[in-house]
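One structure below.
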2 protein chains.
Amino acid sequence: MSDSKIRNMDEFARVSGVSRPTLSKYFNEPESVRQTTRRKIDAALKKYDYRPNIYAMNQNRKLTKSIGIVVPLLSDPYFAEIARNLEQRCIAAGYRPTLFSSHGDPAFEVEVLDTLRSMKPAGVLFAPLGRASDRAALERFCADVPTLIFDSSVDEIGLAFVGSDNFQFTSHITDYLCRTGEAPCFFEMKTPANPNAHRRRQSYVDAMQSFGFTPHVISVDGEGWGFEEIGRVGGHAAFDQNQFSTNTILCSNDRLAIGLLTACYEKGIRVGRGAECTIRVAGQDGHPHSRYTCPPLTTISHNYDAVSQTAAEALFAAIDGHVTPWQSTRLEGKLIMRASA
Amino acid sequence: MSDSKIRNMDEFARVSGVSRPTLSKYFNEPESVRQTTRRKIDAALKKYDYRPNIYAMNQNRKLTKSIGIVVPLLSDPYFAEIARNLEQRCIAAGYRPTLFSSHGDPAFEVEVLDTLRSMKPAGVLFAPLGRASDRAALERFCADVPTLIFDSSVDEIGLAFVGSDNFQFTSHITDYLCRTGEAPCFFEMKTPANPNAHRRRQSYVDAMQSFGFTPHVISVDGEGWGFEEIGRVGGHAAFDQNQFSTNTILCSNDRLAIGLLTACYEKGIRVGRGAECTIRVAGQDGHPHSRYTCPPLTTISHNYDAVSQTAAEALFAAIDGHVTPWQSTRLEGKLIMRASA
DNA sequence: AATTTAAATTTGCGCGCGTAAATTTTTAGT
DNA sequence: ACTAAAAATTTACGCGCGCAAATTTAAATT
């Protein structure tokens, strides 16, 4: 590699034997220049390590090649996993993804929106905080930037919604639990941070009634995103007050279930399907960690790949001008039968 | 708020009654303009929602206000947690942090470096993949951009290193285990993705010898970042081949320990300190999940706050021109005694 | 070989802001 | 009130690239 430094596109145009506007086209969309030209540029790129100034590039471009990915809380492995998946799809499609976490804070979510707006991204993949989100701010943002909502829905906002079918989730795993033992009661947070929780409770109630059972919901106290601790503390309280009406507990999500399993352990209650076990516990989400709990957690898993693929491709299509009317895609979950229930 | 749109700084200068160069100063460093002037700008900002074009801003600025944060794998809760911590410190200090994950891939790590270079960040907080990192590329990068290395050290590269004292970690928890029961054997990956692992094994051996015990290391197969599964599968194999020489197992990290706990559960082996328990298991890292394993995992925890604070402040100081010779700061871990050992 | 079509080039303007130098205004100090 | 210092303003230029129009060159078609 030559060590002579290339300062700008003009200099690089000289050494590559291609005009600057052609280079500009190439860097924006390599396929848009003739193959022979592309080879000249590629050869020069190998020789001199020039990279265009991204700030100068994006200043005048109407449509940047960047995509924003926003999740409510990046330190939640579920969101980390789906963010990772989306990120790699963006890269594969030739975009520059930028990751954001709302840190579970509605005010910060609005700030992320502002930051994103000033980035002039080609599009945004946005998982809202849910209930707590500033609807008006989100609506204004969607009017300016092509935004695809995923994970949890906020009415008919943005290009489309892609997520899991929470009704199917809960009704499917409730069905499974009813068939294999006592009908479950439902363990949830009183004030859940996520709107999916409401759908899940409702679906549990519906499913139980349609199967001819009486639903029983245990709502525990606790604010914020420390679900495991809320599940653990709430689990202790529920046991102490004898709130579990059956020997089977369906949790609103896996993190809550993980906390409940810890509470069971601490109380000396054996969890599982065996004869020596007292109760069964199931979760919902297919959390990356659910395989490794003790006992391994029976859960209904998001189809991570399908959700992220559907979401990413819908956004890419919209960016490419294939506008379709708003639609909601809700993908089915897959029951993962493990030892806990 | 007035709805008349402000297109650029010139227009905003007119409506705020301040000159454009003064605005430029303000947006770069609000404290650098007189208080009366600042109030005029703040008032105008409330009235018109103008935000300077970040691309135009950064194009000619030598020193951007952005900071890059790079971790090996963002879907690992340990890195997610420390990244979150660092991110908020950057925001509090008035910087714009951007998060990157190397996805456990050395080639991708180099790409992240290239992306970062073109961002002209004020500084970078970089946690290398370790052994697998492209040392030369990293060195070149550090020559161009103020970079602080954290978590795992790569010789004397960058401004400084801040991380945990892996020798203290392992020797401290080994000491604890020896005092409270049988001396531990050491459970690790044969080809660890992280260089800290080597330090920990070495420290275990040293500690055991200094306490007058014979060290015993079990190295299990497995590539990549799926530590829990490697620990689980390796645990099964180790039990089947009777490789554990004592009833106490110190794992190289918490994720490995979590997988081992799962293997124990699957084998029907009771873990903990009670009379009815067969073995003790301990981890290292203070993984966010370690509180919720069954039994809760005894571990030695990183001082997340102190590591991220030290790292962030050292970088901020360097950015502000307070250059100090390279130094390595290794913070002690805190023993967290739980039920598993 | 002539024609059509596509791609690359030349030319030149503009984006929104940084920044430097010279000038004016404001503030602080005696 | 006068002076010196600090801050704000005016003026002017440049950054690196996007982009559009006109022109030239190369590729594809007949």
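Chain letters run A, B, ... following the sequence lines, proteins first and then strands; every chain starts at 1. Computed from heavy atoms alone, side chains included, the values below leave out hydrogens, waters and symmetry copies.
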Rounded to the nearest angstrom, tell me the gap between atom [atom1] in [X] and atom [atom2] in [N].
| X | N | atom1 | atom2 | result |
| --- | --- | --- | --- | --- |
| B:Asn58 | D:dC17 | CG | P | 15 Å |
| B:Asn8 | C:dC17 | CG | P | 6 Å |
| A:Glu29 | D:dG18 | CD | P | 13 Å |
| B:Gln59 | C:dC15 | CD | P | 14 Å |
| B:Arg61 | C:dT19 | CZ | C1' | 11 Å |
| B:Asn53 | D:dC17 | CG | P | 16 Å |
| A:Ile54 | D:dG18 | CD1 | P | 12 Å |
| B:Asp10 | C:dG14 | CG | P | 15 Å |

Original post:
Looking at the side chain of A:Asn60, which of C:dC15, C:dT19, D:dC15 is the nearest nucleotide?
Top reply: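 Nearest listed nucleotide: C:dC15.
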With the threshold set at 4.0 Å, does a side-chain nitrogen-carboxylate oxygen contact exist between [X] and [Y]?
| X | Y | result |
| --- | --- | --- |
| A:Arg117 | B:Asp49 | no |
| B:Lys25 | B:Glu29 | no |
| B:Glu81 | B:Arg84 | yes |

Subject >> Test log, rule ring-ring contact (aromatic ring centres under 6.0 Å, His included), inputs A:His322 and A:Phe316 >> reply: CA-CA 9 Å; A:His322 306 141; A:Phe316 300 159; over 10 Å; no
**OP:** Identify the heavy atoms of B:Leu73 and B:Phe79 that sit nearest to each other, and give their distance.
**Re:**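 For B:Leu73 and B:Phe79, the tightest heavy-atom pair comes out as O-CB, 3.4 Å.
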Using a cut-off of under 3.5 Å, enumerate the N/O to N/O pairs linking the protein to nucleotides 7-11 of chain C.
residue	atom	partner	partner atom	Å
C:dA7	O3'	A:Arg34	NE	3.4
C:dA7	O3'	A:Arg34	NH2	3.4
C:dA8	OP1	A:Arg34	N	2.3
C:dA8	OP1	A:Thr37	OG1	2.8
C:dT9	OP2	A:Ser19	N	3.1
C:dT9	OP2	A:Ser19	OG	2.9
C:dT9	OP2	A:Thr22	OG1	2.4

**OP:** Using only side-chain N and O atoms of A:Tyr50, determine if any of them is under 4.0 Å from OP1 or OP2 of D:dC17.
**Re:**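 For D:dC17, OP1/OP2 do have a side-chain N/O of A:Tyr50 under 4.0 Å.
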**OP:** Answer with yes or no whether the side chains of A:Asp42 and A:Tyr26 bring together a donor and an acceptor at under 3.5 Å.
**Re:** yes
